[in-house]
2 protein chains.
Amino acid sequence: MHAHDAKSVADLLTRHGLRRTRQRVALYQALAASKAHPTADELYRAVADDLDGISVATVYNSLEAFCKAGLINKLPPAPTTDRVFDDEGEADADTAASEVPSSGRAARYDASTHPHMHIRCLRTGRVRDVPDDLGEQLLAHLPQDVLRRLEDELGFDVRQVQVELVGESRSR
Amino acid sequence: MHAHDAKSVADLLTRHGLRRTRQRVALYQALAASKAHPTADELYRAVADDLDGISVATVYNSLEAFCKAGLINKLPPAPTTDRVFDDEGEADADTAASEVPSSGRAARYDASTHPHMHIRCLRTGRVRDVPDDLGEQLLAHLPQDVLRRLEDELGFDVRQVQVELVGESRSR
DNA sequence: ATTACTGCAAAGGCTTTGCACGGGT
DNA sequence: ACCCGTGCAAAGCCTTTGCAGTAAT
């Protein structure tokens, strides 16, 4: 969809008032390339190959900076009731080293900032996007007038409608 | 709505195969009495007055047991981008000691298990329920056929539709 | 009598912070 | 030259765990 080569990412950073460091370019690329909404640690391991010696602090700092700049979103960790995390492998940029547990209560990051829905697997903790066509059909049916009544009655400004379909993926 | 006196809570526990200990009765009562979706620490402080010497471990163990028994639900902590937590006081069972920060990334618990929506305040991190009449109107409009198509196309069993309205409460 | 539950303290996982240095502008 | 961003290690917060003792069934 978008081009995520080093140059356009660098431009993106600059445009948002961030410096174009090797670390941040690599981090944003890794995140944008993934559909799996990786954790900070997964991103750390993903870029550690190319960028020798990057530190976790930098990963967290950079992700926080991206969030503040509105470049990416942070997703809450899944509630961890019951045994929820098996963690299997999957052929994706950031889950390549399919052996490390990457246990449960870590936040996940999302490079797409336009409104969309997520599905979260109870077994693996993985988060995927709902395809836009389906998501839009679902969101479009939320009656705006009810939302507005809610804002009036509760004195609450709704900035974002977070919809998450929680369940279990069938295969495997 | 429901009666949450010691006896009926004790019965509820027994009926779910849990022992009726003072600690668990008090914890469930405190949680059920609150509309604020308290954190483990908030519950700990709420019951520490009556139950002298209760430990945090017991709070966590009990809440986990309640979750497994299907008595309560665990909510994910809010993503903590930007300064999100001011923590003001509120006249509620578990937030009585309106002075302690109870900082950010703690899970919250919810005594109501029937499907309902939440609103989460970006400033305070507080979670409230959407009134049932409004919530039902919103949820009823989610087209079931689209959900079913989604399950087919992605091979995913949807167990729960988690809707959270994220925003900011106007007053204060 | 059995064993689930409790309390304590220590350990654990994820994230943040302080500080000196290096690289981007 | 300025100062944002980096790396390292230590500290922090929330939660879990091990174990000996206690109390519910």
Side-chain angles (χ1 to χ4, degrees), chain A residues 10-11 13-28 38-45 47-48 51-69 74-81 83-85 87 100-109 125, chain B residues 10 13-28 38-45 47-48 51-69 74-85 87 100-109 125:
Chain A
D11 288 352
L13 295 180
T14 306
R15 220 175 311 128
H16 284 78
L18 303 170
R19 289 187 176 170
R20 47 196 295 328
T21 68
R22 291 179 308 129
Q23 291 88 337
R24 294 195 171 180
V25 172
L27 279 170
Y28 185 87
T39 63
D41 185 62
E42 283 165 355
L43 282 168
Y44 171 66
R45 298 205 306 275
V47 299
L51 288 154
D52 195 64
I54 188 174
S55 76
V56 279
T58 298
V59 175
Y60 281 105
N61 287 340
S62 301
L63 292 172
E64 172 76 11
F66 293 169
C67 283
K68 278 196 186 143
K74 192 176 184 178
L75 309 178
T80 47
T81 297
R83 281 281 66 78
V84 166
F85 292 92
D87 210 78
V100 196
S102 171
S103 36
R105 21 185 237 283
R108 293 181 170 274
Y109 296 87
Chain B
L13 295 180
T14 305
R15 220 175 312 128
H16 284 79
L18 303 170
R19 290 186 177 172
R20 45 195 299 325
T21 67
R22 292 179 309 128
Q23 292 87 338
R24 294 195 170 182
V25 172
L27 278 170
Y28 186 87
T39 62
D41 184 63
E42 284 165 353
L43 282 168
Y44 171 66
R45 298 205 307 274
V47 300
L51 287 155
D52 196 63
I54 188 177
S55 76
V56 280
T58 299
V59 174
Y60 282 105
N61 287 340
S62 302
L63 292 172
E64 172 75 11
F66 293 168
C67 284
K68 278 196 185 142
K74 192 177 184 179
L75 309 178
T80 47
T81 298
D82 247 6
R83 281 282 65 79
V84 166
F85 293 92
D87 212 78
V100 197
S102 171
S103 37
R105 21 185 237 283
R108 293 181 170 275
Y109 296 87

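Every chain is numbered from 1, with letters handed out A, B, ... down the list of sequences.
- Following rounding to the nearest Å, B:Glu64 (CD) and C:dA4 (P) show an atom-to-atom distance of 16 Å.
- Atom OH in A:Tyr44 sits roughly 10 Å away from atom C1' in D:dG7 (whole-Å rounding).
- The closest side-chain heavy-atom distance from B:Leu51 to B:Arg22 is below 4.5 Å.
- Within the 4.5 Å cutoff, the side chain of B:Thr58 has no heavy atoms near those of the B:Thr21 side chain.
- Nearest heavy-atom pair across B:Pro77 and A:Pro77 is CG-CG, 3.7 Å.
- Taking the side chain as every heavy atom from C-beta outward, A:Phe66 and A:Leu13 approach each other to under 4.5 Å.
- The CG-C1' distance, from A:Asp52 to D:dG7, rounds to 12 Å in whole Å.
- Residue contacts shown for A:Ala65 are absent, as no nucleic acid heavy atom lies under 4.0 Å away.
- If you take NZ of B:Lys74 and P of D:dC14, they are 14 Å apart, rounded to a whole angstrom.
- Going from atom CG of A:Asp11 over to atom P of C:dT25 covers 11 Å, rounded to whole Å.
- Residues from residues 53-60 of chain B that place a heavy atom under 4.0 Å from any atom of DNA chain C, listed by number: B:Gly53, B:Ile54, B:Ser55, B:Ala57, B:Thr58.
- With hydrogens and angles left out, the side chain of A:Arg105 and the base of C:dC14 share no donor-acceptor pair within 3.5 Å.
- Rounded to an integer number of Å, the gap from CG of B:Leu13 to P of C:dC5 is 10 Å.
- Residue B:Asp41 holds its CG atom at 6.5 Å from OH of B:Tyr60, rounded to the nearest 0.5 Å.
- Contact check for A:Glu42 versus A:Arg108: side-chain heavy atoms found under the 4.5 Å cut-off.
- Remark: P of C:dA4 and CZ of B:Phe66 are 17 Å apart, rounded to the nearest angstrom.
- With rounding to the nearest 0.5 Å, the separation of OG in B:Ser62 from CD1 in B:Ile54 is 6.5 Å.
- One atom, CG of B:Leu51, and another, P of C:dC8, lie 13 Å apart when rounded to the nearest Å.
- The distance from the OH atom of B:Tyr109 to the CG atom of B:Leu27 is 11.0 Å, given to the nearest 0.5 Å.
- Sorted by residue number, the members of residues 18-28 of chain A with any non-hydrogen atom under 4.0 Å from DNA chain D read A:Leu18, A:Arg19, A:Thr21, A:Gln23, A:Arg24.
- In this view, B:Thr14 and B:Arg20 satisfy the side chain to side chain contact (heavy atoms under 4.5 Å, CB included) rule, not counting sequence neighbours.
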